[in-house]
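Written out below as structure tokens is the structure these notes cover.
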Amino acid sequence: MSPPQLNKTYDPQDVEKRWGQFWIDHNLFTPKIEGPEHAYAIVIPPPNVTGSLHIGHALNSTLQDILIRWKRMQGHKTLWLPGTDHAGIATQNVVERQLMAEGSSREHIGRQAFIERVWKWKEQSGDTIIEQLKQLGASCDWSRQRFTLDEGLSQAVREVFVALYDEGLIYRGERLINWCPRCLTALSDIEVEHETVKGKLYHIHYPVKEKPDSFLTIATTRPETMLGDTAIAVHPEDPRYSHLIGKYIDVPLTTRTIPIVGDSILVDREFGTGAVKITPACDFNDEEAGKRLNLPSKSIFDHRAQIDTELFEPEDIDSDLKNRIHGKSEQEARKLVVEALENNEFLQKVEDHTMAIGKCYRCKTVVLPYPSPQWFVKIQPLADPAIEAVESGKIRIIPDSWKGNYFGWMRNIKDWCISRQIWWGHQIPAWYCTACNIDHLHFSKNPHASQQDQTTPLEASTMSGFIASDAIPIVSRITPTACSRCGGSDLRQDPDVLDTWFSSSLWPFSTLGWPNNHVDLKTFYPTATLVTGLDILFFWVARMIMMGLKFTKGVPFRDVYIHALVRDAEGQKMSKSKGNVINPLTKMQEYGTDALRFTLASMASPGRDIKLAEGRIEGYRNFVTKIWNAARFIALYGDGARKALPVSARSFADQWILSRLNHTIRDCTHYLEEYRFDHATSALYQFLWHEYCDWYIELVKPAFHDPQSEDAQSTRHTLFESFEIIQRLLHPFMPFLSEELWQAFPHSGTSIVTQPFPLEEKDWDSQTIEQDFHIFEQFVNASRTSRALLNCSPVQPMAFWGTSTSPQERTTLNTWKPYIVHLARGTVTLTETDTWSTQNVLRLVMGSITVGTTIDQEIDLQRAVARLQKQAQEKHKEATRLQARLASKNFTDKAEPDVIRESQTRLTALNEELALLASSEAQLSSILG
RNA sequence: AGGCGGAUAGCUCAGUUGGGAGAGCGCUGCCUUUACACGGCAGAGGUCACAGGUUCGAUCCCUGUUCCGCCUACCA
């Protein structure tokens, strides 16, 4: 096969399109199930079906793809299983917005039609992010793509739900939950984001019953909730108040009298006034206290977070206030209440107060603690084994430092609210017999009645909130047709759907065919590695571990690699509203996908966020171009016979680059094993640019320029051989460029995708050659510095002398002389300094090497003098330090012998260098007069 | 409030059995020398946040402080 013709410039877009399609056409990402090889599987963190590729996905997917391509090349049965999740609330929002634009609504068209509509949307737009992942080069097995609402995955969801219910680990109960009054659904604790805000602390006088003119003053941040107060609490050991416990108090603005109770858990004596109102229906802590103290709970808000006076007892509050406050939002209600308190002189003072409020993580609406019946997972029995799995090392979390976070959360975990009052998702497999639950189902009380078309079909508008918490559900894997208690056939399914994360928690095994005994499950489970961002450690990772352990009797994955979050160059979180979003697709177009991938991998240092500056992508684009141009060079001189010689028979340059390449293979493999993507990319960059291109390619040129060269055939072989290995080494990081080159150069096989990852060749290592190279490199560098100091152009031939203080190095210089002549450009005389010209010679020192040049033109030698002086100064400083150290008895008594010897050796070398530098400077000074 | 992480060159970051401080980008100077100006060559640039401690010796280990970030959280 003849060497390729490569275009002058690399066109990433063309290349990416071609090979992206080629890989898919040739089914290269689908593993072969049979065979003895080890399996290596990763399940993708399923992006939202509504999503489009953002930079976090790009990082996450790049890292997974590097691992997967690497393992695939190493010969494992490699599966990267892709897919999306149905993202209940987000997806429903998308379609609801469409309906709104059409002047319709989901309530208007009804549940079934709405769900059909969402499916239609999914068919049309749901694969956006999948297509974008393909563009990124993600080598997923697309034939196994999954969606959380697929039939198989839904079967898994139902199986898990029923099994947990039967075991008592799923239950339905009424309590305060986080309610988003915009999404109109319950949220789990971790779907609430806490934000610090500047609020007010209101001090309010509550008159003590039967003690006129006596007040108990409480402090609150939410004065409007006093309308739902059912007690006032003080600390039982607080001398200021303890005598009041058992007495009663009048709630201002109402006709209600409530008890004063003692509670040491709720009350912090130091905070506020030391007295706190209890509103069990409005606050999680108050709810707890209410349960402890057997207090009633009085709701005041409706599901839209508006005051609903219908919930109040008749004549309970001032009728004027009652009329004005009905239907008001929290903020408006607060204003009215504060005003009324002020007018009646109940308000003592208002202080500034910093506090945290909860917001819906999807829509940022302030979340309302809202009492309602919901489904929960009893979590502690699931969490305990999940803690153990990480403690015992059955699952590794990388970097290790996140383990603390994991344990902290798992040990304080609370029951998981899994029901959502939306329509898009897995509807809860629970049915209610209308006959048995006649008093517990209130389908007619439609809480949306005021908002909705009254003609809405009954079924569509029911909410789980109107199925009382004591209704008896029939929980079943298959849809029941008759009530097992009474035989009744009028069964209504619970209208709620499950939290999307419930189905996601089954992802590692539901996607592989569980609960059926699928061959994929047997082959690829447990998966090897899970790659994800910290933000979903709790949402997803922890829950997968719990569910995996519970239902598969094994861990879902062995390693969890947690990568950084990508921020902008200033370290700000990227957000649409800030306008600092970096769109990966745009960057892929501008710089090429390989450049973006390499950039992201290079910045993936553990435990640190990525501040992505555009300049970095540009830098790696340049790297891609550099490799391309190296390829062009090789192609240009590749035409001709190639001869494979044993390594020891090859040229010095060949031996050197093979030794360096071997190091790079070793390093790169090692770093990948450690998930050090940053080190792996930097090893590749350093080797390819600064060793392969800067030195090796320069060193082989003479062989090709000289038609008589004896080395040409062997060197040509080494050049091709090494470059082919480089392509394979590079492939996991730069799949497109490496494939383009691999296909262009002589090869056998379908694609680089399934070629073996480079292995070390032990006999390529040569410490001797590398040491020799170092001496040679110093000589060349000295000659180049001379050129720069003397203002000589790179092409102008110059005469150099050179030697070393070491006889061995003098031999080395002699054997490498042809290379020195080539790179120094000029004549090179290797003799002792006393034979050199004594006039007009600039002598530079690099370690043990001295290189001399004649000065044959009028130039400013001050720069040269300055350089020598500076070098001498630095060396002198170091020598002084070493001398002091060696003179110290403390050091010689206590330090390791190795360290002492090393210091002595170093000092000797420094002194030799200093002598050379002094001599050079003296010589130069004499020229200057 | 608690927990975790970070602070090293102008910028972004590496730097583990404690002993000579590094890379990329940017910057300065020279160079179009037929792989590459998205380039080559040569350079400049750092009290390793601050204060103590341990040690013969600390960017590294320990304690405290400051600043930044993140997570968790019931101080109304």
Side-chain angles (χ1 to χ4, degrees), chain A residues 6 8-10 190 194 201-202 218-222 225 233 265-268 270-273 275-279 283-289 353 355-356 399 401-402 404-405 408-409 412 534-535 537-538 565 567 569 571 573 591 595 599 602-603 605 607-616 618-637 676 678-679 682 685-686 689-690 693-694 697-698 701 781 784-789 791-796 825 863 867 878 881-882 885 888-896 898-900 902-903 906 910:
Chain A
L6 299 178
K8 178 138 171 81
T9 51
Y10 178 65
I190 50 179
H194 293 273
L201 190 62
Y202 301 85
I218 61 93
T220 180
T221 55
R222 298 172 68 199
T225 61
I265 299 173
L266 181 69
V267 181
D268 173 359
E270 311 298 316
F271 187 87
T273 61
V276 57
K277 63 196 220 44
I278 302 182
T279 325
D283 183 278
F284 292 103
N285 298 309
D286 291 11
E287 185 192 35
E288 296 274 308
H353 181 65
M355 56 186 200
S401 51
W402 296 121
N405 245 349
W409 189 71
N412 293 302
L534 179 68
D535 45 343
L537 181 63
F538 305 142
L565 299 178
R567 300 167 176 282
K573 213 167 182 168
Y591 299 107
T599 308
S602 77
M603 301 184 88
S605 299
R608 204 188 253 268
D609 280 350
I610 295 177
K611 292 187 203 171
L612 185 60
E614 185 144 357
R616 303 309 301 271
E618 196 183 337
Y620 289 115
R621 188 271 318 264
N622 296 351
F623 181 46
V624 170
T625 309
K626 186 78 180 174
I627 300 167
W628 180 254
N629 281 308
R632 289 181 57 228
F633 170 85
I634 296 167
L636 194 64
Y637 292 102
R676 288 307 300 257
D678 54 338
H679 285 171
S682 119
Y685 187 99
Q686 187 62 30
W689 199 313
H690 296 305
C693 291
D694 285 353
I697 287 186
E698 293 308 321
K701 282 178 180 175
N781 284 342
R784 285 169 171 170
T785 305
S786 305
R787 222 174 249 285
L789 288 171
N791 271 338
C792 290
S793 92
V795 278
Q796 186 183 341
R825 289 175 190 271
R863 275 169 63 215
R867 183 195 152 87
E878 200 189 331
R881 202 168 53 219
L882 281 169
R885 180 190 291 171
S888 152
K889 193 164 162 15
N890 267 332
F891 176 71
T892 47
D893 284 354
K894 294 176 184 173
E896 300 281 328
D898 275 0
V899 174
I900 299 172
E902 210 179 287
S903 296
R906 175 85 188 132
L910 278 171

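Below, read A as the first sequence line, B as the second, and so on, with proteins coming before strands; counting in each chain starts at 1. Heavy atoms only: backbone and side chains are in, while hydrogens, waters and symmetry mates are out.
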Could you check whether [X] gets within reach of a base, just the sugar-phosphate, or nothing at all, counting any heavy atom under 4.0 Å?
X      : value
A/K889 : nothing
A/L266 : base
A/A631 : nothing
A/A275 : base

Provide the distance between the two [atom1] atoms, one in [N] and one in [M], to the nearest whole Å.
N      : M      : atom1 : result
B/rG40 : B/rG24 : P     : 11 Å
B/rA49 : B/rC67 : C1'   : 8 Å
B/rU72 : B/rC25 : P     : 38 Å
B/rU32 : B/rC68 : C1'   : 47 Å
B/rU63 : B/rC4  : P     : 11 Å
B/rU47 : B/rA9  : C1'   : 14 Å
B/rC27 : B/rU34 : P     : 26 Å
B/rU28 : B/rG10 : P     : 16 Å

Locate the shortest heavy-atom distance separating [X] from [Y]; write the atom from each residue and the value.
X      : Y      : answer
A/V899 : A/F891 : CG1-CZ, 4.0 Å
A/G272 : A/A219 : CA-CB, 4.1 Å
A/R787 : A/S793 : NH1-O, 2.7 Å

Could you please name the option among [options] that lies closest to any side-chain atom of [X]?
X      : options                : answer
A/R632 : B/rA14, B/rA76, B/rA35 : B/rA35
A/V276 : B/rC71, B/rA35, B/rA76 : B/rA76
A/N890 : B/rC56, B/rG15, B/rC13 : B/rC56
A/R676 : B/rG15, B/rC71, B/rC36 : B/rG15

Grab the [atom1]-[atom2] distance between [X] and [N] for me, whole Å please.
X      : N      : atom1 : atom2 : answer
A/F633 : B/rG40 : CZ    : P     : 15 Å
A/R222 : B/rC74 : CZ    : C1'   : 13 Å
A/E698 : B/rC41 : CD    : P     : 8 Å
A/D694 : B/rA42 : CG    : C1'   : 13 Å
A/N412 : B/rU72 : CG    : P     : 12 Å
A/L565 : B/rC71 : CG    : P     : 8 Å
A/M603 : B/rC11 : CE    : C1'   : 11 Å
A/N405 : B/rC4  : CG    : C1'   : 6 Å

For residues [X] and [Y], determine if any side-chain heavy atom of one lies less than 4.5 Å from a side-chain heavy atom of the other.
X      : Y      : value
A/L910 : A/R906 : yes
A/N791 : A/R863 : yes
A/I265 : A/E288 : no
A/L537 : A/W409 : no

Rounded to the nearest 0.5 Å, what separation is found between the [atom1] atom of [X] and the [atom2] atom of [Y]?
X      : Y      : atom1 : atom2 : result
A/T225 : A/I278 : OG1   : CD1   : 11.5 Å
A/L6   : A/N629 : CG    : CG    : 9.5 Å
A/K626 : A/D694 : NZ    : CG    : 6.0 Å
A/R885 : A/I900 : CZ    : CD1   : 10.5 Å
A/R222 : A/K277 : CZ    : NZ    : 8.0 Å
A/F633 : A/E698 : CZ    : CD    : 7.5 Å

message: Could you check whether atom CD of A/E902 has more than 12 heavy atoms from other residues, nucleotides or ligands sitting under 6.0 Å from it?
response: no
message: Treating primed atoms plus P, OP1 and OP2 as sugar-phosphate and everything else as base, which nucleotides of nucleotides 19-26 of chain B get B, S or - for protein heavy atoms under 4.0 Å?
response: BB---SS-
Does a nitrogen or oxygen in the side chain of [X] sit under 4.0 Å from OP1 or OP2 of [N]?
X      : N      : result
A/K626 : B/rA35 : no
A/N629 : B/rG39 : no
A/H679 : B/rA14 : no

- prompt: Can you find an N or O donor on one side and an acceptor on the other, under 3.5 Å apart, linking the side chain of A/R784 with the base of B/rC41?
  reply: no
Listed pairs, N/O of protein and of nucleotides 28-34 of chain B, under 3.5 Å:
{"from": "B/rU33", "atom 1": "O2", "to": "A/R825", "atom 2": "NH2", "distance (Å)": "3.4"}

message: Please verify the inter-ring angle class for A/Y620 with A/Y685; under 30° counts as parallel, over 60° as perpendicular, anything in between as tilted.
response: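 Answer is perpendicular, since the angle exceeds 60°.
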query: Looking at residues at least two apart in the chain, or sitting in another chain, which of them share a ring pair (Phe, Tyr, Trp, His ring centres under 6.0 Å) with A/Y591?
result: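 Here no residue qualifies.
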statement: Applying ring pair (Phe, Tyr, Trp, His ring centres under 6.0 Å) to A/H353 and not counting sequence neighbours gives A/F271
query: Toward the 5' end of RNA chain B, which comes first, A/D283 or A/I190, by nearest nucleotide?
result: A/I190
- prompt: Can you give the dot-bracket line for RNA chain B, where a pair is Watson-Crick or G-U wobble with both atom distances under 3.5 Å, crossing pairs use [ ], and | marks a partner on another strand?
  reply: (((((((..((((.....[..)))).(((((.......))))).....(((((..]....))))))))))))....
With the criterion being N/O to N/O and under 3.5 Å, what pairs connect the protein with nucleotides 5-8 of chain B, and how long is each?
{"from": "B/rG5", "atom 1": "O2'", "to": "A/G607", "atom 2": "O", "distance (Å)": "3.3"}
{"from": "B/rG6", "atom 1": "O3'", "to": "A/R608", "atom 2": "NH2", "distance (Å)": "3.1"}
{"from": "B/rA7", "atom 1": "OP1", "to": "A/R608", "atom 2": "NH2", "distance (Å)": "3.1"}

